[in-house]
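Working notes for the structure below.
Everything numeric here is computed off the predicted structure, so don't read it as measured data. Numbered from 1 within each chain, the chains take letters A, B, ... in sequence-line order.
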Amino acid sequence: MAVATRKTDIGPPNYKQFLPPIIQKNYGKWAYHEIPEPGVMVHVAESGDKLYTVRAGTPRLLAITTIRAFADLADRYCDGYIRWTSRHNVEFLLTDPSKIPALKKDLEELGFPVGGTGNAISSIVHTQGWVHCHSAATDASGVVKSLMDELFPHFVNMDLPAKLRVAFACCLNMCGAVHCSDIAVLGVHTRAPTIDHDELPKVCEVPTLVSSCPTGAIRPATVDGNASVEIEEEQCMYCGNCYTVCPSVKINNAETDGISIWVGGKVSNARSEPKFSKLAIPYLPNNPPRWPEVVEAVVNIVNVYAQNARKHERLGEWIDRIGWPRFFELTGIPFTKYHIDDFKHAGETYKRSVQLKH
Amino acid sequence: MSEKNRATPLLDELEKGPWPSFVKEIKKESERPMVRDLLGLLERSYEEHIGHWKHGGLVGVMGYGGGVIGRYSDLPEEFPEIAEFHTYRVNQPSAWFYTSDALRTLCDIWDRHGSGLTNMHGSTGDIIFLGSKTEALEPCFADLTEAGFDLGGSGSDVRTPSCCVGPARCEWACYDTLEACYDITQTYQDELHRPAFPYKYKFKFAGCPNDCVASIARSDMSVIGTWKDNIQIDQEQVREYAAGGTDIEAEICEMCPTGCITWNGEQLVIDNSECVKCMHCINVMPRALKPGKERGATILIGAKAPIIGGALLSSVFVPFLEMEPPYEDLKELAEAIWDFWGEYGKNRERVGEFIQRVGLGNFLEEIGLDPVPEMVAHPRTNPYIFFDEELEEDEDE
Ligand code: HEM
Ligand code: HEM
Ligand code: SF4
Ligand code: SF4
Ligand code: SF4
Ligand code: SF4
């Protein structure tokens, strides 16, 4: 019977079968690496063996047609070995450096730029947006594409003071956890959900809906004779969990959904400790297909950082040195009441000293 | 609708420009009716500034509680081919290494059963197969397991662990991230496929404090490589960097967070007892400096994104742990945490939030770890100490 032979819980394939021979031989015995040109790394093993990596950016959303083309390139140049990075870049692993120019040319003809190494902007880690998610306040792929088209020179060159990591999430759930990025672009709902009281009793279970709300903002209520719910708007932080369990509670709003921008986070422990990104711009409109306001805002922040930061200084480290007042002054971004925290422990973020620049 | 191509002037705009276009990617598979409907629906979203998906109902494969994300369109009449458009999370191999054959196998499976569209990769690390009908789920799963692949996690379970490239290609890896990731994934298949926790539990393995997988920001259990002894220095190479234009004083000594490096133009001296293993000096001079030889990892617990109690970074639990297979100590710690959090955690309460609710001190006591000063940025500043009742008796002994 089919059920008896059904395989389960086998887990992922063992990575060892996918490692190229040069890696198997020099596993854990790498001496150092260099970046001879943007998008190309050479790792030198203690044995003297050299492994060349060519990194190319992708839009993350890939057709199998493209993956098959990558597989063909891997066969042609890398004995079939290929990998992806944690930021949606694809990497080709070569032992023969003379093949690099031809591989780069093939990749660029396919439409995939080589870069993203060293003090550059690597691919933008991002989420699903309107392509696949129900609670998206904006599209992910479209904003990322619009941003990367403008930030492109910083992907193919290594012309920034340090690495600059940009991340995108399409709602507060932040799949991919963008909250520790140099620049985080975050879709925001700005109003509590609206409720279709006629439809709700037919498609949703009220107790499930009530318990779905993490802040307890939803209460059972009879509205126009329907056994429905009401939402305490002051308690709602627009997470969309209610919409997940009940399509009659509509979190998405074409007029008021938009995008916020956060800066100065990092995850690496280099020099300063990891830190969260902080609010730079609370709201920009959703303006597809190119989101010009968002692109302009991000490019501005990148430019001001590039002109002012010291070598090796990440965006957040630069801001820590110059102070937030100067960040707002240099970028020309208005500071508003929305920038001031009013959630739990907000008081810890107030300035409580007279160490100010005048 | 799905028979013919609908005009997509707004999306077409995103085919232009130097960065690779997701619209071009979608169009590459548009001989499929399903993908034509996806383009139509997406164009509607671009016109109307709003998404057209809803959740609703659990879908999955038999015997698994996770690995498939159910997705339905709210315009099923207009776009019938994507009325159901579920995704699979397929557990990636450690550090995302593939052979061309493995990739083709995955493509062939997805060619047969779904949209032909993927994400390489989802933010947790899985290969994402984007969009298929409910009836395709079981046959696709059968083909995947036949080819040696399995589904990853979703819901309140162990999520698909991921790791950095580690010893496969990075000279700084302080332990074998690929093996640790594979071992933990295989050990906890049941916890991964059958949600039984209060909420999700993520493992991420980074080989050194650069943390290329952002484990400190994104995982409930962050395993970050580090070392105990002295940074290895090749003085000859340091002089080469200096000769080559690196300003050792400004770029290395002054940027070291603990000021523990000195340079006299000939010799670089590091006071290793003061070094906090931040990686800065090593990052700037990879040919000259290397992590020490006594290597292991720091274990940190509890990172999460803001929903709902606010974002958290992981915090130190075990300052230094040797990371050798079969990783008994790490597993013991994970299981002790699951026992306590599993019993007392509220529904949808991440372990980081749970620790804040019960207090780190109490949590440590329950899972049997001794408090050490490395666990805090500083001791408490408020005097509201809740003393245990037996405290005085203890002191009498
Ligand atoms: C309460 C919090 C969260 C909720 C309700 C939530 C909900 C969702 C939903 C509905 C999807 C499906 C998107 C789709 O394919 O249509 C999704 C995808 C995903 N989520 Fe979350 N999410 C939450 C937090 C997070 C966090 C904090 C992370 C990571 C740190 C995360 C990682 C992911 C990943 C990796 C995916 C796969 C899709 C992708 O990579 O874009 N999620 N989440
Ligand atoms: C010169 C110093 C560094 C080198 C040579 C280096 C090496 C690497 C390697 C080998 C990868 C690929 C890892 C993988 O995909 O699993 C990588 C990716 C990454 N590293 Fe580092 N690391 C360095 C410093 C840092 C620092 C300081 C940070 C964080 C601030 C960092 C953050 C990342 C991130 C986010 C990725 C993903 C990049 C991508 O996919 O394009 N790295 N790095
Ligand atoms: S960030 Fe929000 S909208 Fe985007 S994929 Fe995650 S849950 Fe969906
Ligand atoms: S959006 Fe979130 S906080 Fe607001 S009512 Fe819905 S579940 Fe509650
Ligand atoms: S985390 Fe460290 S060991 Fe791992 S790839 Fe990044 S730099 Fe290398
Ligand atoms: S690793 Fe960091 S703390 Fe240690 S010596 Fe180098 S720069 Fe200083």
Problem set entry | Interatomic distance, A:Ile10 atom CD1 to B:Gln189 atom CD [nearest 0.5 angstrom] | 8.0 Å
Problem set entry | Straight-line distance of B:Thr8 OG1 to B:Leu42 CG, nearest 0.5 Å | 9.0 Å
Seminar exercise, completed: With chain B, the option among A:Asp9, A:Asn14, A:Ile82 that has the most non-hydrogen atom pairs under 4.5 Å is A:Asp9
Seminar exercise, completed: Looking only at A:Thr138, A:Ile22, A:Thr53, most heavy-atom pairs under 4.5 Å shared with chain B are made by A:Thr53
Given the options [options], which has more heavy-atom pairs under 4.5 Å with chain A than any of the others?
options                               : value
B:Leu38, B:Asp176, B:Asn347           : B:Asp176
B:Pro93, B:Gly207, B:Ala250           : B:Pro93
B:Leu178, B:Ile82, B:Thr185, B:Asp247 : B:Leu178
B:Leu144, B:Leu14, B:Ile26, B:Asp190  : B:Leu14
B:Glu146, B:Met279, B:His52           : B:Glu146
B:Lys277, B:Gln92, B:Glu138           : B:Glu138

Chain B contact via [X] - side chain, backbone, both or neither, heavy atoms under 4.5 Å:
X        : value
A:Asp79  : neither
A:Asn286 : both
A:Phe152 : side chain
A:Phe155 : side chain
A:Gln17  : backbone
A:Leu93  : side chain
A:Leu51  : side chain

Which bit of [X] comes within less than 4.5 Å of chain A, counting heavy atoms only: side chain, backbone, both or neither?
X        : value
B:Ala142 : neither
B:Lys16  : both
B:Lys28  : both
B:Glu47  : neither

Exercise. Between A:Trp84 and B:His121, how do the two ring planes meet: parallel, tilted or perpendicular, split at 30° and 60°?
Worked result: perpendicular
Taking [X] first and then [Y], would you say they form a salt bridge - that is, a charged N and a carboxylate O separated by under 4.0 Å?
X        : Y       : answer
B:Glu179 : A:Lys16 : yes
A:Arg83  : A:Glu91 : yes
B:Arg104 : A:Asp75 : yes

Exercise. Which residues pass the side chain to side chain donor-acceptor pair (under 3.5 Å) test with B:Asp234, sequence neighbours left out?
Worked result: none
Exercise. Should B:Glu48 and A:Trp130 count as side-chain neighbours, where that means a heavy-atom distance under 4.5 Å?
Worked result: no
Exercise. Is it true that B:Tyr72 and B:His86 have ring centroids separated by less than 6.0 Å?
Worked result: yes
Seminar exercise, completed: Sorted by chain and residue number, the ring pair (Phe, Tyr, Trp, His ring centres under 6.0 Å) partners of B:Trp53 (sequence neighbours excluded) come out as A:His132, B:Phe85
For this session: May I have the step-by-step check of salt bridge (charged side-chain N to carboxylate O under 4.0 Å, His left out) for A:Lys250 and B:Asp74, ending in yes or no?
Result: CA-CA 12 Å; A:Lys250 300 185 192 307; B:Asp74 70 1; over 6 Å; no
Seminar exercise, completed: Tightest non-hydrogen contact, residues B:Gly51 and B:Ser45, listed as CA-OG, 3.7 Å
